[in-house]
Every structure is written in structure tokens, then in C-alpha cells.
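Nothing fancy with the numbering, it's 1 onward along the sequence.
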Amino acid sequence: DKRAQAAKNFRDAARYAGFDGPRLMRIASHQVKLEEFDEARRTLIKATNTMVSDEALAALIRLEIQTNALDDAEKRIAEMRR
């Protein structure tokens, strides 16, 4: 179906985006809209190693809260405070 194909396309796009932070952020946004939360999480983690690391980390924490991964969000927030 179209949703599955779109999810695959964004998964592939994230893989081939290298460490282009803005592109990874756009891809993650689309993955969230498709409710591909695990893929969005992987993409945002990759984006934390780019020039948009702060923005990616904030988006990752929001995603973890949205998906009820509160322990993960709490750990990331604690790491930010160090």
C-alpha cells in the first residue's frame, strides 16, 4: 500500500542522507506523521550527531514523551543538564 511504500522511502532516505542534519530532521518529521516512531527515533538519534544536534535532541525528547518512552526522555534530559 502507499503508506508502507512511503515509510520505506523515508527509511531509505534517512540511510542515504548521510549526516545532513536539516534533511534528517525533515525525514524524521515525515516518519512521525506516518507513525513510524521507531524509524523516526533512529533518524533523530543520527541527527544528534550533526550541526542541528540541539534541535534533534529536543525533537527526540518530544517524540519519546509522545510515545510514552518517559524513562528514555528523562535520561536524555538528565544528560543535557550535565
Original post:
Would you say Glu74 has more than 12 foreign heavy atoms packed within less than 6.0 Å of its CD?
Top reply: no

Original post:
Can you name the closest pair of heavy atoms from Lys46 and Arg15 and give their distance?
Top reply: NZ-O, 3.5 Å

Original post:
So, for Phe37 and Leu63, which heavy atoms are closest and what is the spacing to 0.1 Å?
Top reply: CD2-CD1, 3.6 Å

Subject >> Val32 with Ile45, same ILVMFWY side-chain cluster at under 4.5 Å >> reply: yes

Original post:
Can you name the closest pair of heavy atoms from Glu64 and Arg41 and give their distance?
Top reply: OE2-NE, 3.4 Å

Original post:
Which pair of heavy atoms, one from Thr50 and one from Gly21, lies closest together, and at what distance?
Top reply: OG1-CA, 3.3 Å

**OP:** Taking all heavy atoms of Thr48 and all of Leu57, pick out the closest pair and write down the distance.
**Re:** CG2-N, 3.9 Å

**OP:** Decide whether Met25 and Met51 are clustered together by the hydrophobic rule: side chain heavy atoms of Ile, Leu, Val, Met, Phe, Trp, Tyr closer than 4.5 Å, transitively.
**Re:** yes

Subject >> Common cluster, Ile65/Met80, ILVMFWY with side-chain heavy-atom separation under 4.5 Å >> reply: yes

Original post:
When rounded to the nearest 0.5 angstrom, what distance separates CG in Asp20 from CD1 in Ile27?
Top reply: 8.0 Å

Original post:
Closest heavy-atom contact between Ala40 and Ala28?
Top reply: CB-O, 3.9 Å

Subject >> Thr43: which of Gln31, Glu36, Arg11 passes side-chain hydrogen bond (donor to acceptor under 3.5 Å, both in side chains) >> reply: Gln31

Original post:
CD/Glu39 to CZ/Phe10 distance, rounded to the nearest 0.5 angstrom?
Top reply: 12.5 Å

**OP:** Considering only NZ, NE, NH1 and NH2 on the basic side and carboxylate oxygens on the acidic side, decide whether Arg42 and Asp38 come within less than 4.0 Å.
**Re:** no

